Amino acid sequence: MINDIRVGGLIAYCSVKRGNKKTLMFIVFVLSLIFMNLVFLPSMIGGMTVLFTGFMQDYPYGDIVIEPSGDNTYINNADNVLQKVRAVEGVRAATKRLDAGASIEHKQKVVGATITGLLPTEEYDISQYPYIISEGDFLGELSRDEIIIGAMIAGTGFGSEIYDNLGEVRPGSLVDVTYSNGVKRTYKVKGIMEGSFELVDLNALVHYKEIEEVYGLEESKATSVVVRIDKQGSEEQVQDKIREAGVNEQIFTWADKSETLIKQAMQSMGAINIMSKFVSLIVGAALVLIIIYINVLNRKKEIGILKAVGITPGSIVLSYAFLSMFYVSLGILAGLTLYFSLMLYFQANPVTFYETMEIRPQIDPMLLIQSIVTMLTLSVIAGTLPAWSVSKESILKAIWGR
Amino acid sequence: MIIVKNLKRYYGTGETAVKALKGVSFEINKGEFVAIMGASGSGKTTLLRILALLDDATDGEYTIRGLQVSSLPEAERSYYRLTQVGYVFQDYALINEMSAAENVYILSMMEGKSRKESYETALEALDKVGLKGKHNRVPDELSGGEKQRVAIARAIAKKPDILFADEPCANLDTNNSKQVLEVFKELNEKYGQTIVMVTHEPWHTEYVDRVITLEDGNLVNDEKKKEVKNNPYVPHF
């Protein structure tokens, strides 16, 4: 066996060293495209998934969200809940929010929206709301007569033409808000927020105290307590710890909450991803096999000669396995170079989805490892099968190339 | 050394079968330099391929040093080809991507020799055939005669019991042919190498000890060289 490996290695080495370099480059180029085919689309889908899950975490739900239990509309004594939550190991920050339904009116134009009452200074550690103000400023602690309007309902962002909007509301404009309980308030628009996400851009934000006052709420009520954690991926452990800390409200991870909305989309994308990987794998396997098979057929005479002079079929098969692995390894290297170049390009120039959502492909190390292992396994099969088949043929037929 | 009894080789079956060898019998002794001659289609190349274990006989017996090689399984035949038999092809059959030395030493490596030892063996064999200093050249950088001498070096490097050559000078001009035949003659006389060579060139018989002549798959003559001149089947040079 050792002799087979040595001789197989020598044959492969000579073939690479003195073989046709143009053919080698062509094979490597095609193999690099096969590798790209395996990794690129899943990376794009990964980017979409990250984008959507990022939206869910960055705006409505954080990493963990606590909501009223049973049929209750509010979490009673949210400050007590916050105190318990903030004491839990692994919790980075937490805040309370009050959501209310309302209609917003500006110059005879009326739109319906969810208005979220929040504590502006706490939101800097919880959400991206303070960082997506495209015009004007975010709310401050004293912003009691001010409102932040989503770009879509303000009529300034993408999607304004799809949804009802207020017609070019700007910072400084006055809007009338009629809450679901009939209370009407006039706010000055302090800023326009543009998150490239409907759940954000179709909403409005006011100070927590405003909602509390409008609805006459006492004792720190909240429709949700939003929690951010230190370590992504540990949501479920922190969720359990919050329960153990004595919080009896409903506790969800962002993934639980997005089940009906994003999770379905993610599942669809996951299915597309799996199908795409499967098809890529079949196409990749077929191409690798064809390339190596043609290569072996072109060397049929050589295989016959080697057998005729006493080289064992094992050595011959191994030489093609080595050769095939070498081609595929170079293909993978070239593919990785191409892949990372494209990744760099798309990081700088993301694919724009619905004109506002910027999708940056995600580099998933596991996906890369899986693809590399797949390609190398394929290379061994692709190199071995045809060579094994030819090496089993009669010497004379192989030499004659039949 | 070699005993061939009633060796037959048919291609196809029934009425349409082509009978390349119709039952050939002879013996070759150690150290002999034998030429197998005959017209095209006489069965000489078929016979050589069977003797070199590249093809199977349809019927008959074939033994080398008492071992019935015709019935060996493929793995043992492969080992036999590697260690006991050298074969020189008409068209050199060198691996184009290997240098002269690599074409030769790959067989020593297959036998389990170290790379260094294999390389030294290859250089020695190349020296023997007059290719000193050309061991790093690939086949495309060598003339036809040089290529054939590399093929001979490959065949003799492992010091085989028998060296088979299938029309080794067919693609060479007279000058190169003479050089190749001189190499064979020297191997035979100096090292006692047994050589069986297929040829259709009458003048090649000047170099051999014995001539076996085939016609239509039958052995029609088997004579020592000194008797060759009187043999009506072998034209004079």
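Keep in mind the model is a prediction, meaning the values are calculated, not measured. Numbered from 1 within each chain, the chains take letters A, B, ... in sequence-line order.
Side-chain contact between A:Val7 and B:Leu107: absent, with no pair of heavy atoms (C-beta onward) separated by less than 4.5 Å. Between A:Asn3 and B:Met109 the shortest side-chain heavy-atom distance does not fall below 4.5 Å. Side-chain contact between B:Arg115 and A:Leu10 is present, with heavy atoms from C-beta onward closer than 4.5 Å. Between B:Arg81 and A:Val309 there is no side-chain heavy-atom pair separated by less than 4.5 Å. Using a 4.5 Å heavy-atom threshold, the side chains of A:Arg299 and B:Glu97 count as touching.
Enclosure of atom NZ in B:Lys113 by more than 12 non-hydrogen atoms of other residues, nucleotides or ligands within 6.0 angstrom is indicated. Counted within 6.0 Å of CZ on A:Phe346, heavy atoms from surrounding residues, nucleotides or ligands total more than 12; the atom is thus considered enclosed. Summarising the local packing, CZ of A:Phe26 is surrounded by 12 or fewer heavy atoms from other residues, nucleotides or ligands at distances under 6.0 Å. Applying the 6.0 Å contact sphere to NZ of B:Lys116 captures no more than 12 heavy atoms from other residues, nucleotides or ligands. For B:Phe26, the CZ atom is densely surrounded, since the number of other residues' heavy atoms within 6.0 Å is greater than 12. Within a 6.0 Å sphere centred on OH of B:Tyr10, heavy atoms belonging to other residues, nucleotides or ligands number more than 12. For OH of A:Tyr345, the number of neighbouring non-hydrogen atoms (other residues, nucleotides, ligands) closer than 6.0 Å is 12 at most.
In this structure, chain A has a heavy atom under 4.5 Å from the side chain of B:Val138, while its backbone stays farther away. With a 4.5 angstrom heavy-atom cutoff, B:Tyr105 touches chain A only via side-chain atoms. Only the side chain of A:Ser315 comes within less than 4.5 Å of a heavy atom of chain B; its backbone N, CA, C and O stay farther away. Heavy atoms closer than 4.5 Å to chain A are found in the side chain of B:Phe89, but not in its backbone. With a 4.5 Å cut-off on non-hydrogen atoms, B:Ser99 touches chain A through its backbone and its side chain both. Heavy-atom distances place both the backbone and the side chain of A:Ile11 under 4.5 Å from chain B.
Pairing each heavy atom of A:Gly310 with each of B:Leu82, the nearest pair is O-CB, 3.6 Å.
A:Arg18 has no carboxylate O lying under 4.0 Å from a charged side-chain N of B:Asp140, or vice versa, which leaves the two without a salt bridge.
Taken to the nearest 0.5 Å, the SG atom of A:Cys14 stands 12.0 Å off from the CG atom of B:Asn96. In this structure, CD1 on A:Ile305 lies 6.5 Å from CG on B:Asp91, to the nearest 0.5 angstrom.
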- [ ] Apply side-chain contact (heavy atoms from CB on, under 4.5 Å) to B:Ile106 and A:Leu306, showing your working.
- [x] CA-CA 10 Å; B:Ile106 186 172; A:Leu306 289 168; 4.2 Å; yes
- [ ] May I have the step-by-step check of side-chain contact (heavy atoms from CB on, under 4.5 Å) for A:Ile395 and B:Leu53, ending in yes or no?
- [x] CA-CA 10 Å; A:Ile395 292 173; B:Leu53 303 177; over 6 Å; no
